[in-house]
Novice: 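Quick one: the structure is below, and I'll ask about it shortly.
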Amino acid sequence: MEIPKTYDPKITEDKWYSHWLKHKFFKSVPDEREPYTIVIPPPNVTGVLHMGHMLNNTIQDVLIRRARMQGKNACWVPGTDHASIATEAKVVALLKEQGINKSDLTREEFLKHAFEWKEKYGGIILKQLEKLGASCDWDRTRFTMEEDLSEAVIDVFIDLYNKGQIYRGVRMVNWDPQGLTAVSDEEVQHKEVNSKLYYVKYKVEGSEDWITIATTRPETILGDTAVCVHPDDERYKHLHGKRCIVPMANRSIPIITDEYITMEFGTGALKVTPAHDINDYNLGVKHKLEVIDTIAADGKMSEAAKFYVGEDRFTVRKKIAKDLEEMGQIVKIEDIKNKVGYSERTNAVIEPKLSMQWFLKMDKISKPALENVLNEEIKLIPEKYVNTYKHWMENVHDWCISRQLWWGQRIPAWYDGKGNTVVCKTKDEAVQKLKGLNSEVKAEDIRQDEDVLDTWFSSWLWPISVFDGFKHPEGKDINYYYPTNDLVTAPEILFFWVARMIIAGYEYRGKKPFTNVYLTGIVRDKQGRKMSKSLGNSPDPIDLINQYGADGVRVGMLLCSPAGNDLPFDESMCEQGRNFSNKVWNAFRLIKGWETSSEKQSEANKIAVKWFDSKFNEQLEIINDLYSKYRMSEALMTTYKLVWDDFCAWYLEMIKPEFVDGKSLPIDKETYDATINFFEKILKILHPFMPFITEEIWHLIKERDEKDCIIIAEWPESGKTNDIVKHFDIVMEVITNIRNIRKQKNISPKEKLEVFEKVNQGEIIKTYDDIIIKLCNLSKFGYVTEKVDGAFSFVLKHAEFFVPLAQNIDIEAEKERLTKDLEYNKGFLKSVQVKLANEKFVANAKPELLENEKKKQADALAKIKAIEEQLSGLN
RNA sequence: GGGAGCUUAGCUCAGCUGGUUCAGAGCAUCUGCCUUACAAGCAGAGGGUCACUGGUUCGAACCCAGUAGUUCCCA
């Protein structure tokens, strides 16, 4: 059989993915085993896979696959989110392309289009997840707007309303004038921009005096209902209690005082526009100011503005500045930087706006969510996010849950047009209830609230609703899988989503929704910019998979992304991953090519097997520990080194049969079997990271039943380690030293060398000689009692090694090298002796430490003696 | 403006409760090798005043204070 020199992912990935599906290895149903559950952070139904998903889902898959191998009932629930504002925006844009305006459609017509669109493009992202190997239980795929989940959302709304946790009121909200909807605080991104600060003077009523205010938003002047100064501000004390005139609008407004004012900013006088700024709004409430709403929902000036009606607020900003200037009321204009809020979804500048919205009270309901993170009932990984979380939860505001959209769960509130409101599931119910309040009401006059609920108001129920925990609170699934184990998500949505799931978990199950929250970093480009569609700096993960293989990309991403750290993405990482796949592939090729003989196992092979067995156990323990701490990239790196360095570079080189007459000699059966066993173990620990290549080799290395797959193989047990690992560290050092001499003296690796060892202390251990001979290509490894003249040498521990060479030794160079070594060791000795001479050290240090220092002293003395001897031999 | 975090090799990061001459890993770099598993490889090597300043200590990358730079969160 001819095995290709390089691993080709293309011919294995689809094959094994469908094989796994065919045998339902991803499927999970409740049984006797311990469950291990992850619910996917549902991506937007219309989204496409980006690098963030790639990282996120790779981590989830690694966790799930390992748990599955550990014999747990692993269940990874996939699904998508209806993402109301993002999806609706996309559908609106698409319809526009087809010449259809949303405003010309009825709600039903629009939703029909939206569902068609969702059917057509929705779920592409789930197909893409298959490419990277995600082992989700696809039979459990859920969608936040499917019937059952929507029903849960509505029920929760009604329940919270009945509990008095939900209210409707006029509040200042973040208004997206493009999406024509309110958005939550978390959906507003603040960016620093260059703006202008306009100094405008207002005439003080009944005097020739002026008061100058500073504002970045002169277009809101038309809505001013006060000017505010700090009560202690000496500059304005004479104006307390007076009134002034709003320029252009010619309205008289009071000059009020409040300690909220920053005297240092601008002129220390603030124009107050309660309708268009949250702080002004609060001032307005406090001082009972009039509210004049001059900007309409679409961001254009309203009738109430009286001037510039129907023109966009940004156009008006320029116009009014010019007009005020002409009126002589602009004192000056400065350039400043300030922060402006943008809508995360549409990127429009957010307009603070007063409107009627639904809110969820957060103060009480969020308490358990804070407590249980602080007491580590729920762990955030890395821990540093606990601070941020705490800060947010302690200052949480009521959650504006209504959105002026159609795509989403419609708010189950009904109005009779006479000021009566009821909240219930169906219109029939509403009619009944409203009749009780108003016997005159006719069914046709009753209308349902036009708004839908915030998307997060459905996704906060996700860990419960995917297991039908609302429909069947005592169902088998919910009781078995909930609480889930790990949640893997981006820190950006810690508050949007994670915190709210925790809130809902305690409110509706009385239990946490998950135990560990693994927060991944943000994938950035080389320049450190966030990957985004608009910048076009994000590679298509599917392209990467085609180029490097899914395993390669998985390894590449995980190698350098510790939890919570941003990941500056570089394709070369995937290259490293691909190279690693190839390394594993070639180890397989080597082993697969061997023929076995009935010959007895050599001592050298016996040692090699014993060593690797021990080494594997030692490293596996470390790997398991790293997993338990969610240090995924370190677990991978440790695995990587175990495979590449210990297994390939050392172990295989030790046992590799010689090549004679163009043919490899056979290997003894015992060593061969041990090697296959090692290789299988290695494939197992690689499997969570590299599912495809390991499955492929698993089936090639041995005849197996098609159901005997590595995906369900048992995670290896870490057995005992023995002393051989420690001895071997020295053997390796000897080998490296000999290779180094060879390299420095420019001797071809093919030329055989002789090496002699002079043991100065302790017994002579010849066990490893054959291995040294093999790995250094020696003709002889001998022992001497006297030093060998005219040879290159080095000192390790209590032994000296000599490499006699035909070529002349550069005595001066050798002297220099040895002298350097001597100096180093003398320095070392001195540092140890200083420590030991320090009474306070001897008094305070732990006994083990002291012992160790004494041992170091003895070792250093021995080594110095040996080097000095060698040096004297050179003269 | 308020809060949190970060700063260790060219890059990405380890470095647990201060104690091996503690300064480490991978990648990248350099040198020599196409040695029949792998050049996507092998064998070697060189890289760092642990941001800066001061303090605590017998001893500091690690603890404390301040400074600078940087990131994030909140307003």
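Naming convention: chains lettered A, B, ... in sequence-line order (proteins, then strands); numbering from 1 in each chain.
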Novice: Under a 3.5 Å cut-off on both pairing distances, which runs of 3 or more consecutive Watson-Crick or G-U pairs involve RNA chain B?
Specialist: B:1-7 with B:68-74, B:10-13 with B:24-27, B:29-33 with B:41-45, B:51-55 with B:63-67

Novice: Can you name the atoms? Protein N/O to nucleotides 9-13 of chain B N/O, anything below 3.5 Å, with the distance.
Specialist:
unit_1, atom_1, unit_2, atom_2, d
B:C13, OP1, A:Asn565, ND2, 3.1
B:C13, OP1, A:Asp566, O, 3.4

Novice: Enumerate the protein-to-nucleotides 55-65 of chain B contacts in which both atoms are nitrogen or oxygen and the separation is below 3.5 Å.
Specialist:
unit_1, atom_1, unit_2, atom_2, d
B:C58, O2', A:Asn838, ND2, 2.8

Novice: Regarding A:Arg742, tell me which of base, sugar-phosphate or nothing describes its non-hydrogen contacts under 4.0 Å with the strands shown.
Specialist: nothing

Novice: Among all residues two or more places apart in sequence or in another chain, which pass the ring-ring contact (aromatic ring centres under 6.0 Å, His included) test with A:Phe612?
Specialist: A:Phe647, A:Tyr651, A:Phe678

Novice: Could you check how far CD1 of A:Ile261 sits from C1' of B:G1, rounded to whole Å?
Specialist: 15 Å

Novice: Could you pull out all residues at least two apart from A:Lys702 that satisfy salt bridge (Lys or Arg N to Asp or Glu O under 4.0 Å)?
Specialist: A:Glu680

Novice: Considering residues at least two apart in sequence or located in another chain, which fulfil the side chain to side chain donor-acceptor pair (under 3.5 Å) criterion with A:Lys743?
Specialist: none

Novice: With sequence neighbours excluded, what pairs up with A:Lys840 under the side-chain contact (heavy atoms from CB on, under 4.5 Å) test?
Specialist: A:Asn838, A:Asn844

Novice: Name all residues meeting the side-chain contact (heavy atoms from CB on, under 4.5 Å) criterion together with A:Val340; count only those two or more places apart in sequence or in a different chain, and write none if there are none.
Specialist: A:Val193, A:Asn338, A:Tyr342, A:Val349

Novice: What nucleotide, of B:C27, B:A37, B:G5, holds the atom closest to the side chain of A:Gln576?
Specialist: B:C27

Novice: For nucleotides B:C64 and B:G48, find the distance between their C1' atoms and express it as a whole number of Å.
Specialist: 25 Å

Novice: Please encode protein proximity along nucleotides 40-46 of chain B as a string of B, S and -, counting only heavy-atom distances under 4.0 Å.
Specialist: BSSBSS-

Novice: Once salt bridge (Lys or Arg N to Asp or Glu O under 4.0 Å) is applied, do any residues pair with A:Asp8, and if so which ones, sequence neighbours excluded?
Specialist: none

Novice: What residues, two or more places apart in sequence or in another chain, satisfy side chain to side chain donor-acceptor pair (under 3.5 Å) together with A:Asp645?
Specialist: none

Novice: Could you pull out all residues at least two apart from A:Asp859 that satisfy side-chain contact (heavy atoms from CB on, under 4.5 Å)?
Specialist: A:Lys797, A:His798, A:Lys855

